[in-house]
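For reference, the structure discussed in these notes is given below.
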Amino acid sequence: MNKNYLDELNPVQRKAVECIEGPEMIIAGAGAGKTRVLTYRIAHLMKSGVDPFNILALTFTNKAAREMKERIARIVGEGEAKNLWMGTFHSVFARILRSEAEKLGYPANFTIYDTDDSKNLIKAILKEQGLDDKIYKPGSVLARISAAKNNLIAASAYANNAQIQEEDRMAAKPKMGIIYQAYANRCFKAGAMDFDDLLFNTNILLRDHPKALLKYQHKFKYILVDEYQDTNFSQYVIVKQLAAAYRNICVVGDDAQSIYSFRGATIQNILNFEKDYPELNVFKLEQNYRSTKNIVGAANTVIANNKDQLQKNVFTDNTSGELIKVVKTESDNSEGNFVANSIFEIKMNEQAANKEFAILYRTNAQSRAMEEALRRQNIPYRIYGGLSFYQRKEIKDLLSYYRMAINNHDEISLKRIINYPARGIGDTTIDKIVVAANDHNISLWTVIENIKDFEIGLNSGTLTKVDDFATMIKSFSAMLTTHNAYDLGQYIAVHSGILRDLYADKTPEGVSRHENIQELLNGLKEFTENEITVEEEVKNEEEAENKEPESTSSQLLFTDTDEEQTSAENLKPAVTLNAFMQDIALLTDADKKNETEEDKNKVSLMTIHASKGLEFGYVYIVGLEENLFPSQMSLTDRVDLEEERRLFYVAITRAEKRVTLSYSTTRYKWGNLVYCEPSRFIEEINAQYLDLSAVGNNAMFEEEDYPSKSKTTSKKPEFVQRPIMGKKLVKVNAAAKGTSDFDTESLRNLQVGMQVNHERFGFGKVISMDGVFPNNKATVFFEGAGQKQLLIKFAKLTIVTN
DNA sequence: GTGTAATGCTATTGG
DNA sequence: AGCATTACAC
C-alpha cells in the first residue's frame with residue numbers, strides 16, 4: 001500500500017490527488033471515494049515534501065478526522081500523521097483561540113458553552129429583564145443569535161441595524177437586540193464562548209490582528225475542507241482569510257448532500273468558490289463504488305425531483321443487487337419488530353455482522369420503538385446522537401465543578417452547583433447575587449468571592465455558606481497545578497459532596513447515575529495515565545518544528561508558537577484537569593475512542609443527519625410518513641422540502657447492498673395516537689427499483705377485514721392534542737384519511753389517455769402504464785407540474801374522464 | 001430552604 | 001410518554 005497508493009485511484013481521483021498547488025474543488029457524488037481522495041491527497045502532499053504542520057484539514061466530525069488520520073498514518077507513518085492539523089472547525093479553532101484568547105480579552109482557559117448552557121443563560125437573562133419566555137422562547141432566541149453570529153453580525157451591529165429591528169418588531173420580538181447584547185456581555189464576563197463564538201471570534205481574531213492572520217496564513221500553507229456544502233458564512237470567511245496567502249485550498253463537497261441549512265450552512269459557499277478562485281481546478285467524481293445499481297438508480301430518481309442542483313451523473317459498475325423493499329406496518333412498535341426480525345433473518349441467512357446494519361430515522365424520538373424491538377431480539381445496538389454522555393445531568397454537575405475550578409467566572413456552572421448538593425443557598429440568595437453582579441457589571445463569582453463586602457441583605461448564616469462555597473472552589477482551583485487530572489477529579493467528586501449524594505440514592509436511576517460518575521472518573525484516569533503520550537506529542541511538535549528549517553519570513557512569525565510550547569512544558573509532569581477539559585464540550589458520542597471490536601460490532605441507530613459520511617451494508621430507513629419525513633415544518637416551502645429530499649438521498653446512499661423503507665399507518669406522538677400516510681418520497685422513487693410486495697393486497701385486506709377500525713379512526717378528532725396550533729390540527733386530520741381510506745381499487749382500470757386528478761399536481765393525462773396492478777406505475781403529464789411517474793398504490797389519483 | 005406532587009411542555013435536524 | 005418546571009406543604 002505504501003508506495004502504490006496512487007494506483008488505487010481511478011483517473012479522475014488520481015488527478016484530484018496529484019494536483020497539489022492552487023485552488024481545487026472536488027464535487028463528489030455519494031460513495032464516489034471522496035474520503036479516499038481526501039486521505040490520499042493529504043498523504044501525497046506529505047510524500048511530496050509538505051510538512052504536516054503546514055496542512056490544515058477541516059472535517060465535519062472529530063471521528064472523521066481521527067479515521068482519516070489513521071488511514072494517512074498507514075501510508076506516511078504514524079509519527080508524521082500525528083502532526084497534521086485535523087479536526088472540526090470548532091475543535092481546530094477552539095485550539096487556536098486558546099493560545100490567542102488574550103488578544104480578544106478572553107482568558108486562555110475560557111469555557112465552551114454547549115447549547116444547554118446557552119439556553120440556560122438566555123433563560124436567566126429573560127427572567128432578569130422581565131421578558132416572557134413564551135414569546136421569547138430560549139431555543140428560538142438562541143437560534144436567532146446563532147444565525148446572526150454565523151453571518152458575522154455582532155450584538156451591537158445587530159441592535160443598531162434598522163432592518164433587523166424591523167424584522168424583530170414584525171415578529172413581535174422587539175427586544176431581541178437587547179437580549180443578544182446582554183447574552184454576549186454575560187458570556188464575555190463569564191469567560192465563555194458558545195459554539196458559534198468559536199467561529200465568530202476566530203473571525204474577529206483574523207480581522208483585527210494582522211499579525212495573527214499572517215501567522216496562521218503561513219502556518220496553514222495547504223488547507224482542505226471536507227463536506228464543504230455544509231459550511232456556513234462564518235466558516236467560509238475563515239477559510240478564505242487563511243487561504244489568501246498561498247491559495248492552496250481544496251474543498252470537497254456534494255450539493256446533493258447539503259442537509260444543514262438550518263445551522264446556517266449555505267450552498268452559496270460552493271458557488272462563491274468559483275468566483276473567489278477563478279483559476280481553480282474542478283474535479284467531478286461521479287462513479288459510485290459503494291452501492292448497487294438499484295440503490296444508485298433509486299437515489300438518482302429521488303434527487304431528480306429537486307430543482308436546485310448542480311448537474312451530476314452518478315453511476316456505478318456494481319451489480320444490480322436487490323430491489324428496495326417497501327414495508328407497511330400498523331404501528332411504530334410493529335415497525336420496530338419488523339426491522340428487528342428482518343435484521344435477525346439477514347444475519348442468519350447471509351452471515352452478516354451486526355455492524356453491517358443501520359437503522360436511520362428522521363427524528364431522535366423514533367429510536368425508542370427500534371430499541372425495544374432490538375432488545376427483545378437480543379440484537380446488540382448502539383445509538384448515536386441523542387443525549388450524549390456529557391449531557392447527562394450528573395455528568396454535567398460534576399463537570400461544572402471542574403469547569404468552575406478552571407474558570408471561576410463561569411456563571412452557568414456556578415448556578416448549577418452553588419446549591420448542589422444542597423448547602424442552603426437558595427433562589428432568593430442567588431437572585432440577590434445576580435442583582436449585585438448586574439449593578440456593578442461584574443461576574444457572579446466576583447460578588448461571591450467578596451460576598452462580605454456586598455451589602456445585599458444576606459443574614460450571617462447565608463453569608464458564611466456562600467463564603468464557604470467560594471473557599472471550596474478556590475481550594476479546587478489551587479490544586480489545578482499541583483495535582484494531576486485524575487487525582488483532582490476524584491478529589492472534587494468527593495469533596496463537593498456529589499459522590500456522597502449519589503451514593504445515598506439507591507433507586508435504580510440513582511445507582512445508574514453513580515455508575516456514570518464512576519465511568520467519567522475512569523475516563524479521567526485513563527486520560528491521566530496517557531500523560532506520556534501527551535508529553536511525547538508536545539516533544540514531537542517541538543522537535544519537528546525545530547529541526548525543520550522554516551523560511552526566514554515565517555520563522556519571525558512564529559514567536560507566539562514558541563510561547564505556547566514553553567507554557568505546555570510548565571505543565572509537566574502531570575496531565576492537568578485543565579487539559580482534560582479543553583474541548584470536552586465539543587465531544588459527541590460519535591467521538592468515542594478506544595473501542596474494542598465487540599463494542600463496535602453493533603447495529604447502528606441514528607438520525608439521517610448523523611449518518612452523513614458513513615456507509616453500511618444494510619440500511620433501514622424508517623418512518624417514511626408525511627409530516628415526519630418530510631417533516632411537517634418543511635412542507636410549506638420548496639427550499640425546505642428540497643433539503644428534506646436531499647436528506648432522503650443521503651439516507652439511501654448510505655447503503656452498499658440493501659435498502660429497506662418502512663412506514664407505519666399509526667404512530668404515537670406526544671403520547672397520542674396519530675394516523676399517518678406514506679411519504680411522498682416513496683413514490684418519487686422510480687417503480688423499477690422498488691419491491692412493493694409487502695405493501696400490496698395483503699395490507700389492504702387487513703384494512704377491509706377490520707372495517708370497525710377505520711370507523712373509529714374517522715370518529716376520533718381528539719387525537720389532536722394541541723388545538724391551539726391550528727395549522728397542525730388541519731394537517732394531522734388530513735393525514736388521518738390517508739392511504740388506508742383511499743380506494744386504490746378504483747384505479748384497477750386506469751389506462752393510457754385517461755384524465756386524472758392528483759391532490760398535489762392537479763389535472764393530468766396518463767401517458768403510459770407499467771407493471772401489474774396494484775404494484776404498477778403510471779406516467780402522467782400534469783398541466784401544472786409536468787411529467788411525473790406515480791405509483792398507483794400511493795398516488796391517490798382519481799379518474800376524471802376516460 | 002427543602003422535598004415532593006402536580007402541571008405543562010415537548011419532538012426536526014447538531015458542533 | 002417522559003422530562004422539566006412550578007406549586008405547595010413542611
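As the structure is a prediction and not an experimental result, all values here were calculated from the model. Only this structure's heavy atoms are used, side chains among them; waters, hydrogens and symmetry mates stay out. Sequence lines set the chain letters: A, B, ... in the order given, protein chains first and strands last, and positions in each chain run from 1.
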- prompt: When you match A:Leu647 and A:Lys134 each to their closest nucleotide on DNA chain B, which lands nearer the 5' end?
  reply: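 Final value for this comparison: A:Lys134.
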query: Heavy-atom count around A:Asp637 CG within 6.0 Å, excluding the residue itself: above 12?
result: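 Enclosed.
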query: Within a radius of less than 6.0 Å around NZ of A:Lys137, do more than 12 heavy atoms belonging to other residues, nucleotides or ligands occur?
result: no
Please give, in whole Å, the distance from [N] [atom2] to [X] [atom1]?
X	N	atom1	atom2	result
A:Asp116	C:dC3	CG	C1'	12 Å
A:Tyr390	B:dG15	OH	C1'	15 Å
A:Ile112	B:dG15	CD1	P	14 Å
A:Phe648	B:dT13	CZ	P	18 Å
A:Asp505	B:dT4	CG	P	10 Å
A:Leu673	C:dA1	CG	P	11 Å
A:Glu227	B:dT13	CD	C1'	15 Å
A:Asn627	B:dA11	CG	C1'	13 Å

Please output the side-chain donor-acceptor pairs of residues 197-206 of chain A that fall under 3.5 Å, not counting sequence neighbours, one pair per line with the distance.
unit_1: A:Asp197; atom_1: OD1; unit_2: A:Lys149; atom_2: NZ; d: 2.9
unit_1: A:Asp197; atom_1: OD2; unit_2: A:Lys149; atom_2: NZ; d: 3.4
unit_1: A:Asp197; atom_1: OD2; unit_2: A:Asp194; atom_2: N; d: 3.0
unit_1: A:Asn201; atom_1: ND2; unit_2: A:Asp197; atom_2: O; d: 3.4
unit_1: A:Thr202; atom_1: OG1; unit_2: A:Leu198; atom_2: O; d: 2.5
unit_1: A:Asn203; atom_1: ND2; unit_2: A:Leu199; atom_2: O; d: 3.3
unit_1: A:Asn203; atom_1: ND2; unit_2: A:Ser234; atom_2: O; d: 3.0
unit_1: A:Asn203; atom_1: ND2; unit_2: A:Ser234; atom_2: OG; d: 3.1

field: Test: A:Arg646 and A:Asp255 ion pair at under 4.0 Å
entry: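 No.
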message: Less than 4.0 angstrom from a charged side-chain N to a carboxylate O is my criterion; do A:Arg513 and A:Glu509 meet it?
response: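 A:Glu509 and A:Arg513: not salt-bridged.
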Measure from the side chain of [X], starting at C-beta and using heavy atoms only, and say which of [options] lies closest.
X	options	result
A:Thr363	B:dT13, B:dG15, B:dA11	B:dT13
A:Lys669	B:dT10, B:dG15, B:dA11	B:dA11
A:Lys123	B:dG15, C:dT5, C:dG2	C:dT5

message: Please report whether the ring centroid of A:Phe580 lies less than 6.0 Å from that of A:Tyr402.
response: no
field: Aromatic ring proximity A:His609/A:Phe262, centre distance under 6.0 Å
entry: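 Yes, ring centres under 6.0 Å apart.
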message: To the closest 0.5 Å, what do you measure between CD1 (A:Ile456) and CD1 (A:Ile451)?
response: 4.0 Å
- prompt: Looking across every strand, which nucleic acid part, if any, lies under 4.0 Å from A:Tyr260 by heavy atom: base, sugar-phosphate, or nothing?
  reply: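 Sugar-phosphate contact only - A:Tyr260 comes under 4.0 Å of backbone atoms but never of a base.
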query: With a non-hydrogen cut-off below 4.0 angstrom, is A:Lys119 in contact with a base, only sugar-phosphate, or nothing?
result: nothing
Show me the protein contacts with nucleotides 1-3 of chain B, counting only N or O atoms at under 3.5 Å.
unit_1: B:dG1; atom_1: OP1; unit_2: A:Thr428; atom_2: OG1; d: 3.4
unit_1: B:dG1; atom_1: OP1; unit_2: A:Thr429; atom_2: OG1; d: 2.5
unit_1: B:dG1; atom_1: OP2; unit_2: A:Thr428; atom_2: OG1; d: 2.5
unit_1: B:dT2; atom_1: OP1; unit_2: A:Gly424; atom_2: N; d: 2.8
unit_1: B:dT2; atom_1: OP2; unit_2: A:Asn419; atom_2: ND2; d: 2.8

Check whether any side-chain N or O of [X] sits under 4.0 Å from OP1 or OP2 of [N], and answer yes or no.
X	N	result
A:Asn364	B:dG14	yes
A:Lys393	C:dC3	no
A:Thr607	B:dG14	yes

- line: Nearest heavy-atom contact between A:Ile112 and A:Ala94 is CD1-CB, 4.2 Å
- line: Looking only at heavy atoms, the pair that brings A:Leu641 and A:Pro630 closest together is CD1-CB, 3.7 Å
- request: Determine the Euclidean distance between corresponding C1' atoms of B:dA11 and C:dT6; express it in Å to zero decimal places.
  value: 22 Å
- prompt: For atom P, what is the distance between B:dT13 and C:dA4, given to the nearest Å?
  reply: 16 Å
Stacked pair A:Phe262-B:dT13, distance under 5.5 Å, angle under 30°: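 Stacking between A:Phe262 and B:dT13: present.
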Return the polar atom pairs (N/O with N/O) between nucleotides 7-10 of chain C and the protein under 3.5 Å, or none.
none

